Enquirer: 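Structure in structure tokens, see below.
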Amino acid sequence: MSKVIALSTPTMNGTELQYIHEAFETNWIAPLGPNVDAFEQALATYIGTSHVAALSSGTAAIHLALRALGVTDGDIVFCSDMTFAATCNPIKYERAVPVFIDSECNSWNMCPESLELAFAKYPQVKAVIVVNLYGTPAKLDEIASICQRHNTPLIEDAAESLGSTLNGVQTSRFGRIGILSFNGNKIITTSGGGALVCDDENIITKVRSWSNQSRDPARHYQHSELGYNYRMSNICAGIGRGQLTTLDLRITQKTDIYRRYKEAFSRCAFIAMNPIPDNCVANHWLSCITLYDDCPVSVIEIIERLEKERMECRPLWKPMSLQPYYEGCDFVSVSERAVSHDLFSRGLCLPSDVKMTMEEQAGVCRLISAQF
Ligand SMILES: *Cc1c(COP(=O)(O)O)cnc(C)c1O
């Protein structure tokens, strides 16, 4: 059987093992430890921020970000509609109320006009979560200044966009708090993990304490606050240290994959690539296409055709406003037809694994082109 051409799987560079070895030799197998400290430091340097707290997942990072902003029972939180459920599930953990904000066409991310409309409707909103989908920065400057004008803190979910920049500034730095993910499918991985990025040392100190069961500095086990077991293990952080050394190479490889798709489909009248706005550099975590309305084949037909050849692809993230679990939540859009719903009906993610050869990618392009 031919090998699977994957959407995105972990790619090790070999240096990860050296850090894992160190952890074994020093018996630092527990959560926290020297690899965690060094990984946090290396991440902070890469991103250009003062503080990073490594955690057990991106989801945990979003959860603690909401707690740090005081989000609680009944509070309203605005959230990008087109995203993975991990972005908004933590809103429900805190029994708060998500309101989903439509996408715009230029980056597929949160639409600033729809965000403004939501502020007019819910002036009491407690926080905003913006997502950088597939590695493409949202209109972060605009969104951050809207939030600032309304005195509402912004959380930037940069789980998919590590290394992407807008006007030369790394994503995860535009909000009051940024979050990252190192899940297995992301551009770099710790097998499972995440991080919270914040310039405010008080928030970082709180988050570290909450993630470590909120232990008071006492000889006995004493807790004045609710705690969580959200720490990153010293083994996982070792993988992360190694992975970070080839992050820039991965971005170059992913960018080449995107360029080759773009070139291959440039003469196809039915296909558009996921758009990248001019003022940003995307990490191109996943390359995606949308089919035009008059396209003779459907997204599902293309996916099924590719799956037969063991080429892995997926529909775009199904918008949260269309998810059964979030039925009844408000959705705010300035468009007559929701942009997020429209993208979902016409879009798919293509194989974007950096281990895919040029020949394999050419095969994917040929197969897709042959459908029209
Ligand atoms: C992966 C992802 C997360 C969650 O990260 P985990 O580390 O898997 O918990 C959150 N938001 C988005 C947009 C993601 O893609």
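None of these values were measured; they are calculated from a predicted model. Atoms within a ligand are numbered from 1 in the order they appear, just like the ligands themselves.
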Enquirer: Does a salt bridge link Arg310 with Glu312, judged by any charged N lying under 4.0 Å from a carboxylate O?
Expert: no

Enquirer: Give the atoms of ligand 1, by number and element, whose distance to some non-hydrogen atom of Ala86 is under 4.0 Å.
Expert: 3 (C), 4 (C), 10 (C)

Enquirer: When you check the gap from the basic side-chain N to the acidic O, do Arg241 and Glu16 get nearer than 4.0 Å?
Expert: no

Enquirer: Taking only heavy atoms of Val131, which atoms of ligand 1 are found under 4.0 Å from at least one of them?
Expert: 13 (C)

Enquirer: Does ligand 1 have an atom that lies less than 4.0 angstrom from a heavy atom of Gly193?
Expert: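 It does, in that a heavy atom of Gly193 comes within the 4.0 Å cut-off of ligand 1.
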
Enquirer: Between Phe119 and Phe78, does the ring centroid distance fall short of 6.0 Å?
Expert: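 So the answer is yes for these two rings.
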
Enquirer: Under 3.5 Å between any N/O of Ser181 and any N/O of ligand 1: does that happen in this structure?
Expert: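 Yes; the residue has a nitrogen or oxygen that sits under 3.5 Å from a nitrogen or oxygen of the ligand.
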
Enquirer: Heavy atoms only: which of Lys186, His63, Met82 lies closest to atom 14 (C) of ligand 1?
Expert: Lys186

Enquirer: So is there a nitrogen or oxygen of Trp285 less than 3.5 Å from a nitrogen or oxygen in ligand 1?
Expert: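 Not met; the criterion fails.
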
Enquirer: In terms of atom number and element, which parts of ligand 1 are under 4.0 angstrom from non-hydrogen atoms of Ala159?
Expert: 2 (C), 3 (C), 10 (C), 11 (N), 12 (C), 14 (C)

Enquirer: What's in the same ILVMFWY side-chain cluster as Ile62, cut-off under 4.5 Å, chained through other members?
Expert: Leu55, Leu64, Leu66, Leu69, Val71, Val77, Ile91, Ile129, Ile155, Ile177, Ile179, Leu196, Ile203, Ile204, Val207, Trp210, Leu226, Tyr228, Tyr230

Enquirer: Mind checking whether Phe331 and Phe100 have ring centres under 6.0 Å apart?
Expert: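 Phe331 vs Phe100: aromatic centres not under 6.0 Å.
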
Enquirer: Would you mind running through ligand 1 and noting each atom that sits below 4.0 Å from a heavy atom of Ser57?
Expert: 7 (O), 9 (O)

Enquirer: Distance to 0.1 Å, residue and atom name: give those for the protein heavy atom nearest to atom 15 (O) of ligand 1.
Expert: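 The closest one turns out to be Glu160 OE2, 2.5 Å.
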
Enquirer: Could you check whether Thr72 and Lys126, counting side-chain N and O atoms only, form a donor-acceptor pair closer than 3.5 Å?
Expert: no

Enquirer: Inspect the contact between Arg149 and Glu116 and indicate whether a charged nitrogen and a carboxylate oxygen are less than 4.0 angstrom apart.
Expert: yes

Enquirer: Flag the pair Phe39 / Phe182 as yes when their ring centroid distance falls below 6.0 Å, and as no otherwise.
Expert: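 Centroid separation for Phe39 and Phe182: below 6.0 Å.
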
Enquirer: Using a 4.0 Å heavy-atom cut-off, which part of Thr59 comes near ligand 1: side chain, backbone, both, or neither?
Expert: both

Enquirer: Rounded at 0.5 Å granularity, tell me how far CG in Leu7 sits from CG in Asp353.
Expert: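 It is 8.5 Å, given to the nearest 0.5 Å.
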
Enquirer: Nearest protein heavy atom to atom 11 (N) of ligand 1, by residue and atom, and its distance?
Expert: Asp157 OD2, 2.8 Å

Enquirer: Strictly below 4.0 Å, N to O, side chains only: are Asp330 and Lys121 in salt-bridge contact?
Expert: yes

Enquirer: Near Thr87, which atoms of ligand 1 are under 4.0 Å from a heavy atom of that residue?
Expert: 11 (N), 12 (C), 13 (C)

Enquirer: Can you list the atoms of ligand 1 that are under 4.0 Å from a heavy atom of Gly58?
Expert: 5 (O), 6 (P), 7 (O), 9 (O)

Enquirer: So is there a nitrogen or oxygen of Ile62 less than 3.5 Å from a nitrogen or oxygen in ligand 1?
Expert: no

Enquirer: Using a plain distance cutoff, I'd like to know if Thr83 has any nitrogen or oxygen under 3.5 Å from a nitrogen or oxygen of ligand 1.
Expert: no

